[in-house]
Amino acid sequence: MIGFLGAGRVGAQAALEVASAGIDDVTLVDIAPGLAEGEAMDISQKIAETGVDVEVRGSTDFSSLKGSKVIVITAGLARKPGMTRMDLLQKNAGIVTAVAKEVAKHAPDCVALTVTNPMDVMNYVVLRKTGFPKGRVVGMGGILDLSRFKSTISAMLDVSHSSITSLVIGEHGESMLPLPRFTSIGGVPLTKLMDETQISQAIDTTRRVAIDVISKKGATVDAPANGIVRMVKAIAWDRREVIPCSTYLEGEYGVKGICIGVPLVLGANGVQRILPLDLEDGEKAQFLKGAQTIREGIATIESTL
Ligand code: NAI
């Protein structure tokens, strides 16, 4: 069973996709009365026609998450136009602290998948409050940033999305680190196909595009849900897929004591191993800038943990 803590826009869309793909049974929990139950009924009625036989339930009862293999945490406030992810810090730290305790109580063996923003800081909160081993706490951000980078490159070069392999690591926030040196178009390095100005333009667009979507439709939903489903599949099916995810570092990439996005092998029980990369000075500086933002975010709420 896959649990969803938060049945708002992102949680409900990801639950719909997990159920529609028949990955596993789904349980949604949300404090808003009726919301999780209503979403579960709606999804159940959809898959009844398409012929997928998984059970979808929803309630306000945290104990219904018992038996979850993965719990996707989207509970919390979302950004409004003009806000950064860090603006959500104080309020979401309180919510995520509360829900992480419920995760540990009712599904002590699950993998916790953090989505709530500011995601890297919230992932750290989940790690601390569940007391889970670090491998069983991962955050979704890099796969979403990567899909935005791919979308931008595809439009600029007029090539199929399917020909692009790319990587975005670092903070899931203003200091994210798209990596053109580790991006290729059907095996041809991106750096052969775009000059520095075009690459900077692609990176700027990738960093900015989420807030454009929020100002136009009120929230980012479909691309984040896709990122969640990729990660859920990797864990539920033990695919050992290489995905940039937020994880707790203990010296890797020159960083210790925080969660941040790096490429890792994701399978049953979460993080199998972190993959190394040789970053150049400029890339390293950007990665460390993001790490510093996360460290400051953690310091702001540390006394409440
Ligand atoms: P939303 O407002 O539609 O849904 C949030 C839900 O959380 C609401 O239904 C609310 O009732 C519920 N909730 C609040 N406190 C709760 C608690 N204590 N227990 C259970 N449920 C609780 O927001 P949306 O758009 O679904 O976004 C959710 C979060 O995900 C936000 O923090 C947003 O910034 C973040 N996000 C992160 C992304 C990422 O890449 N990591 C991408 C997109 C959104």
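In listed order, ligands and their atoms are each counted from 1.
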List below, pair by pair, the N or O atoms of ligand 1 and of the protein that are less than 3.5 Å apart, including the distance to 0.1 Å; reply 'none' if no pair qualifies.
| from | atom 1 | to | atom 2 | distance (Å) |
| --- | --- | --- | --- | --- |
| ligand 1 | 3 (O) | Arg9 | N | 2.9 |
| ligand 1 | 3 (O) | Arg9 | NE | 3.1 |
| ligand 1 | 7 (O) | Gly76 | N | 3.3 |
| ligand 1 | 9 (O) | Asp30 | OD1 | 3.4 |
| ligand 1 | 9 (O) | Asp30 | OD2 | 2.7 |
| ligand 1 | 11 (O) | Asp30 | OD1 | 2.6 |
| ligand 1 | 25 (O) | Arg9 | NE | 3.4 |
| ligand 1 | 26 (O) | Arg9 | N | 3.3 |
| ligand 1 | 26 (O) | Val10 | N | 2.9 |
| ligand 1 | 32 (O) | Leu77 | O | 2.6 |
| ligand 1 | 32 (O) | Asn117 | N | 3.2 |
| ligand 1 | 34 (O) | Asn117 | ND2 | 3.0 |
| ligand 1 | 36 (N) | Asn117 | ND2 | 3.4 |
| ligand 1 | 40 (O) | His172 | NE2 | 2.9 |
| ligand 1 | 41 (N) | Val115 | O | 2.9 |
| ligand 1 | 41 (N) | Met140 | O | 2.8 |

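When the salt bridge (Lys or Arg N to Asp or Glu O under 4.0 Å) test is applied to Asp204, no partner is found at least two apart in sequence or on another chain. Listed by chain and number, the residues in a ring pair (Phe, Tyr, Trp, His ring centres under 6.0 Å) with Phe287 are Tyr253 (sequence neighbours excluded). The ring pair (Phe, Tyr, Trp, His ring centres under 6.0 Å) check on Phe62 picks up nothing, with sequence neighbours excluded.
In this structure, the side chain of Asp24 does not engage the main chain of Ile2 through any donor-acceptor pair within 3.5 Å.
For the atom pair Ile73 CD1 and Met140 CE, the distance stands at 13.0 Å (nearest 0.5 Å).
The nearest pair of heavy atoms linking Gly139 to Met119 is CA-SD, 3.5 Å.
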